[in-house]
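Heads up, the thing below is written out as structure tokens.
We're numbering straight along the sequence, starting at 1. We count ligands from 1, going down the list as the structure has it; atoms in each ligand are counted the same way.
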Amino acid sequence: MASLCGKVALNVARRNALCGSRRFATKVTMGDPVEHSTGLEKREYLSKIAGNENPFDLKVIKRGAGTKGQPNEIPSAFDARLVGCICEEEATNVTWMWLHKGQPRRCECGHWFNLVQKAPL
Ligand SMILES: [Zn+2]
């Protein structure tokens with residue numbers, strides 16, 4: 001008798017789950033976020049659709065030579081940008097510094113950084 005009750009309960013639960021999923025699949029849908037977004041968010045979506053996965057240059061950049069004559073170039077659409085340098089590979093902290101347009105700057109570790117103008121989105 002106990003096993004029969006278990007089967008009945010299981011069938012009722014399966015039927016409810018099936019009805020529930022059919023109901024939501026036909027009535028509730030989410031709109032396309034590109035159509036709902038506006039302003040800067042929309043430009044970000046359009047840029048990603050066009051193939052630029054990093055429109056604001058927020059991903060970590062691997063340092064190059066970083067000498068005074070060949071500094072690491074940091075893109076920015078503004079006159080200044082906050083830059084974090086992971087001076088050593090095993091470092092547990094980040095050295096932060098403001099980088100201003102036309103003023104290359106040297107980090108404590110000796111690497112040079114230069115702000116490069118970039119067109120805004
Ligand atoms: Zn550094």
Side-chain angles (χ1 to χ4, degrees):
M1 189 67 181
S3 64
L4 182 61
C5 290
K7 284 184 178 180
V8 170
L10 183 64
N11 286 339
V12 169
R14 187 179 304 152
R15 185 175 56 220
N16 284 342
L18 186 62
C19 291
S21 65
R22 280 189 189 153
R23 182 175 39 155
F24 285 116
T26 57
K27 289 185 178 179
V28 178
T29 58
M30 295 295 291
D32 186 10
V34 177
E35 294 178 13
H36 286 272
S37 62
T38 60
L40 191 59
E41 184 183 14
K42 183 156 191 148
R43 285 184 272 167
E44 181 182 0
Y45 276 122
L46 293 175
S47 179
K48 286 184 178 180
I49 289 171
N52 184 3
E53 284 294 319
N54 190 18
F56 299 113
D57 297 311
L58 296 177
K59 290 187 179 176
V60 175
I61 299 172
K62 187 125 177 123
R63 287 185 309 207
T67 60
K68 189 172 186 177
Q70 196 177 5
N72 296 297
E73 296 184 338
I74 307 297
S76 177
F78 302 98
D79 290 338
R81 184 169 183 177
L82 189 61
V83 176
C85 178
I86 302 172
C87 298
E88 298 171 18
E89 193 171 325
E90 302 295 327
T92 56
N93 64 331
V94 177
T95 305
W96 295 98
M97 61 185 157
W98 276 102
L99 195 60
H100 296 273
K101 183 179 172 184
Q103 300 172 356
R105 186 158 182 193
R106 184 175 180 240
C107 180
E108 296 171 357
C109 64
H111 283 87
W112 284 83
F113 296 91
N114 187 27
L115 197 70
V116 177
Q117 202 65 30
K118 174 192 168 192
L121 274 184

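Residues Val83 and Val94 are members of separate hydrophobic clusters, defined by side-chain heavy-atom contacts under 4.5 angstrom among Ile, Leu, Val, Met, Phe, Trp and Tyr.
Under the side-chain contact (heavy atoms from CB on, under 4.5 Å) criterion, Phe56 pairs with Leu40, Glu44, Leu58, Leu121, sequence neighbours left out. Annotation: side-chain contact (heavy atoms from CB on, under 4.5 Å) contacts of Glu73 (sequence neighbours excluded): Val116. With sequence neighbours excluded, the residues satisfying side-chain contact (heavy atoms from CB on, under 4.5 Å) with Asn52 are Ser47, Asn54, Pro55.
Take a cut-off of 2.8 Å around the Zn ion (ligand 1): the protein N, O or S atoms inside it are Cys85 SG, Cys87 SG, Cys107 SG, Cys109 SG.
By the 6.0 Å contact criterion, CD1 on Ile86 is open, its count of non-hydrogen atoms from other residues, nucleotides or ligands being 12 or less. Residue-environment remark: CD (Gln117) exceeds the threshold of 12 foreign heavy atoms within 6.0 Å.
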